[in-house]
Amino acid sequence: MIGTVKNIIEVKNLYVYYAKFQALKGINLNIQANCISALIGPSGCGKSTFLRALNRMNDLIEGARTEGQVYFDGKNIYHPDTDLLTLRRRVGMVFQRPNPFPLSIEDNVTYGLKVHGLTARNFLEERLYRSLQAVNLWEELKDRLDENALKLTGEQQQRLCIARLLALEPEVVLMDEPCSALDPMATGRIEDLMYELKKDYTIVIVTHNMQQAARVSDYTGYFLLGDLVEFGETNQIFTSPQDKRTEDYITGRFG
Amino acid sequence: MRIKPRIEQKIAQSVLMFFTFIAVLVLVFILAVILKNGLPQLSLEFLSRNPADMGREGGILSTIVATIYLTIIALLVATPLGVGTAIYLTEYTVENRITRIIRFGAECLAGIPSIIFGLFGFILFVNRLKFGWSILSGGLTLAFMVLPTIIRTSEEAIKAVPASYRLVSFSLGSTRWQTVTKVVLPSAIPGIITGIILSIGRSIGETAAVIFTAGSALRMPTSLFSSSRSMAVHFYILAREGISMSKAYGTAAVLVIAILIVNLITYYLMERYIKHRS
């Protein structure tokens, strides 16, 4: 579907354990650049664990242990020399619930830039404008930039969180059920936004909502009990799944 | 016989209201006695002159100054130590046997009578380190006395900061220290300040820990090594030795009003801070 196929992330034999519990059992998967890849599956199947493995957020969970390799831009991010701060700037994350800091709208967007030492006034202003523009918030909020972000609606907050991430110009955006706290209208608009963003970013989204996966993604992976059952073009997964278990899940017989 | 829930609820409400009334009554009674006896003593002269004739005459200026110095030293030492310990325990360690022992130790420390801190300060600062009876010895002793309170309240305040703030901060590539200083502490400040106010109140009003360490000289303190008498100690000596009950009440009134003002100012500032952030 895309002329030049480039795997921006290659996952090889990825195992994740939480203490003794095996959350991921040898996952092999490639993520293509400038595509939306959706990960579906029942609760507890490991899809969020997988997502967090891609920017090493599992490191923050006590007792979590990872084996295997994740190549991002050709380098294994689990190599001991990996600079986590740079990795997380390049592979960013949007969370389930909108979680702006209790700071002004402007400070939320520029937070990531400031922690990475980028503080030039003009530069911050330009990134602020571009990021809010990218999530279609600029017109709404341009006169309220110094207001507290907690005053915004849920949808605006989630857009702001995406803008906060885009300000860092990451290459990959990981989204962990980004619409689960939003109403259907807002969900639709966030999905439109994802579609716009894939021009410039690679998106990996975890979702409970199969229609959402079918609507927005180019590729879909089905996780079950820590295994990746099937991964392929979304169209194919939803019309002619190769695995019986995938078919059972997407037709609603299971899950 | 079973009491009907509706009646039971009425009785409970009345009893609880009565308890509250008693609690408030005691407070009002104490304040009334002190202010009734103390306020007539207050005058510009009482506040602006040093005690004379062992405190029978004159004012209490030197004891006010000594109290301020002691409290400032106590907080300058205890705040960084306490908040730093709290940050380390909550953000840099995971809950294990050692952190539990540290926490248990801090709690025990909070329960130790202040006179024991006085004895400790006397042995360590006054004698061992040869600071003598001084503002420095007294301030350091007070610092260790209020340290557990500051650790405890700071820890609670830091723990109450939503975990999602930290997660987001890390996911944007911040270090732990950046996360602590830019996200966690600003949200925890009101709680931390509460602990500091409590500590100011305790330092201003402390007698036993100070009498052994700062001494009871009535002179105006001129350096860290001056022996000096805090307001609370002054009150204690005036009353205990029957020097002047009226001056004692005057001192007590100033103490109470000072603590009231500190609380009011801080709550006002905190209110503004919280409003600004939400």
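In the text below, chain A, chain B and the rest are named by the order of the sequence lines, each starting its count at 1.
- Here the CG-CZ distance, from A/Asn99 to B/Arg166, works out to 13.0 Å after rounding to the nearest 0.5 Å.
- Heavy atoms from other residues, nucleotides or ligands lying under 6.0 Å from CZ of A/Phe72 number more than 12.
- Only the backbone of A/Pro100 comes within contact range of chain B, with at least one heavy atom under 4.5 Å from a heavy atom of that chain.
- When every heavy atom of A/Phe95 is checked against every heavy atom of B/Ser171, the shortest pair comes out as CE1-OG, 3.6 Å.
- Proximity to chain B (any heavy atom under 4.5 Å) is shown, for A/Leu174, by neither the backbone nor the side chain.
- To the nearest 0.5 Å, atom CD of residue B/Glu95 and atom CD of residue A/Glu62 are 9.0 Å apart.
- Contacts of A/Met93 with chain B are made by both backbone and side-chain atoms, with heavy-atom separations under 4.5 Å.
- One distance of note links CG of B/Leu172 with CZ of A/Arg88; it measures 10.5 Å at 0.5 Å rounding.
- For a residue to count as touching a neighbouring chain, one of its non-hydrogen atoms must lie under 4.5 Å from one of that chain's; by this rule A/Leu60 touches chain B with the side chain only.
- For the pair A/Arg164/B/Val168, a side-chain contact is recorded, criterion being any heavy-atom separation below 4.5 Å from C-beta on.
- Atom CG of B/Leu25 has more than 12 heavy atoms from other residues, nucleotides or ligands within 6.0 Å.
- In this structure, A/Tyr195 places its OH atom where only 12 or fewer heavy-atom neighbours from other residues, nucleotides or ligands lie under 6.0 Å away.
- Residue B/Tyr88 places its OH atom among 12 or fewer non-hydrogen atoms of other residues, nucleotides or ligands, all under 6.0 Å distant.
- In this structure, B/Pro186 and A/Phe101 have side chains that are not in contact, with every pair of non-hydrogen atoms separated by 4.5 Å or more.
- Considering every non-hydrogen atom in both B/Lys182 and A/Val115, the closest pair reads CD-CG1, 3.7 Å.
- The number of heavy-atom neighbours closer than 6.0 Å to CZ of B/Arg100, taken from other residues, nucleotides and ligands shown, is above 12.
- Both the backbone and the side chain of B/Ser174 come within contact range of chain A, with heavy atoms under 4.5 Å apart.
- Heavy-atom pairs under 4.5 Å with chain A peak, among B/Ser187, B/Gly173, B/Pro162, B/Ser164, at B/Gly173.
- At a threshold of 4.5 Å between non-hydrogen side-chain atoms, the residues A/Tyr111 and B/Ser169 count as touching.
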